[in-house]
Amino acid sequence: MIAENIKYVRDRIAERCVKAGRDPQDITLIAVSKTVGAEAIKEAIESGIKDFGENRAQDLRDKAPLLPPEIHWHFIGHLQSNKIKYVVGTAKLIHSIDTLELAVEVNEAAQKRNIVQKILLEVKTSGEESKFGITSAEKLFAIAEAVKNLKNLDFCGLMTMAPLVDDEAVIRNSFRTLRKLKDELESAGFILPDLSMGMTGDFEFAIDEGATLVRIGTAIFGERNYKD
Ligand SMILES: *Cc1c(COP(=O)(O)O)cnc(C)c1O
């Protein structure tokens with residue numbers, strides 16, 4: 001089941017890349033394993049998945065030791081200060097930094113462990129729909145500039161969640177906004193390889209708009225009851 005789902009998702013990514021004139025190699029499929037156990041994750045590994053996404057710090061803390069150390073873990077959920085210690089160093093990439101305060105605390109935790117933590121800044125591109133994320137270009141630029149001084153952080157790009165609507169134009173607009181912000185930051189001298197956008201319902205649009213990391217849960221592991 002999981003193997004078939006992964007093949008189906010990979011085929012859809014490949015087809016979309018052809019249409020969009022992109023190289024599938026430039027897109028990393030992150031299997032969002034929140035709420036599923038180690039067995040399901042092992043099945044996905046057998047199908048060649050190396051990248052997994054978790055949205056709760058305790059789940060990442062509990063699952064990572066049960067699974068091969070080669071896994072690239074992605075932390076994609078809202079991160080509370082008191083749980084930073086479960087994520088820094090375990091996650092290859094933290095997608096959800098949305099305040100300077102959080103960046104400072106993650107930098108401190110990385111410094112203590114003597115590592116450089118890769119991060120993305122999460123941007124709210126969808127009005128009221130999502131709870132978290134940086135709410136304006138001005139704030140994004142200010143945080144990005146400040147992060148330059150945090151030597152134990154490696155700022156790699158931007159992440160967003162599109163609104164949960166059926167209107168394709170609204171979804172695309174959200175992804176385009178993120179892409180434009182990345183381009184503007186790059187014009188200002190930042191080097192940002194990553195754009196994390198696209199989930200089960202909208203990843204094809206995200207590929208059209210330049211995603212390099214797609215975060216897919218339902219299409220791989222089936223419907224689940226998410227507790228955020
Ligand atoms: C759950 C989740 C996903 C995956 O969503 P699906 O619709 O199940 O593919 C992607 N990104 C974030 C931040 C999530 O919380």
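Note: hydrogens, waters and symmetry copies are ignored here, and every other heavy atom, side chains too, is used. In listed order, ligands and their atoms are each counted from 1.
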I need the full list of side chain to side chain donor-acceptor pair (under 3.5 Å) pairs touching residues 161-173, with sequence neighbours left out, sorted by first then second residue. Glu168-Arg172, Arg172-Asp208, Arg172-Glu209
Ring-plane angle category for Phe52 and Phe221, please: parallel below 30°, perpendicular beyond 60°, tilted otherwise. tilted
Closer than 4.0 angstrom, basic N to acidic O: yes or no for Glu145 and Lys148? yes
Taking only heavy atoms of Thr200 into account, list the atoms of ligand 1 that are under 4.0 Å away from them. 6 (P), 7 (O), 8 (O), 9 (O)
Should the proximity of His95 to ligand 1, defined as any heavy atom under 4.0 Å, be assigned to the side chain, the backbone, both, or neither? neither
Near Ile216, which atoms of ligand 1 are under 4.0 Å from a heavy atom of that residue? 9 (O)
For ligand 1, which atoms sit closer than 4.0 Å to a heavy atom of Met161? 13 (C)
Any N or O of Gly217 closer than 3.5 Å to N or O of ligand 1: yes
Going by the order shown, which atoms of ligand 1 are within less than 4.0 Å of some heavy atom of Thr218? 6 (P), 7 (O), 8 (O), 9 (O)
Identity of the nearest option to atom 2 (C) of ligand 1, non-hydrogen atoms only, from Met197, Met199, Glu223, Lys34: Lys34
Heavy-atom contacts with Arg215 under 4.0 Å: which atoms of ligand 1 show up? List them by number with element. 4 (C), 9 (O), 10 (C), 11 (N), 12 (C), 13 (C)
Filter on salt bridge (charged side-chain N to carboxylate O under 4.0 Å, His left out), then keep only pairs touching residues 183-202, sequence neighbours left out; what's left? Arg179-Asp183, Lys182-Glu186
Distance check, rounded to the nearest 0.5 Å: Ile134 atom CD1 versus Ile143 atom CD1? 4.0 Å
Test ring pair (Phe, Tyr, Trp, His ring centres under 6.0 Å) on Phe190 and Phe155 and set out the steps. CA-CA 9 Å; Phe190 291 90; Phe155 171 37; 5.7 Å; yes
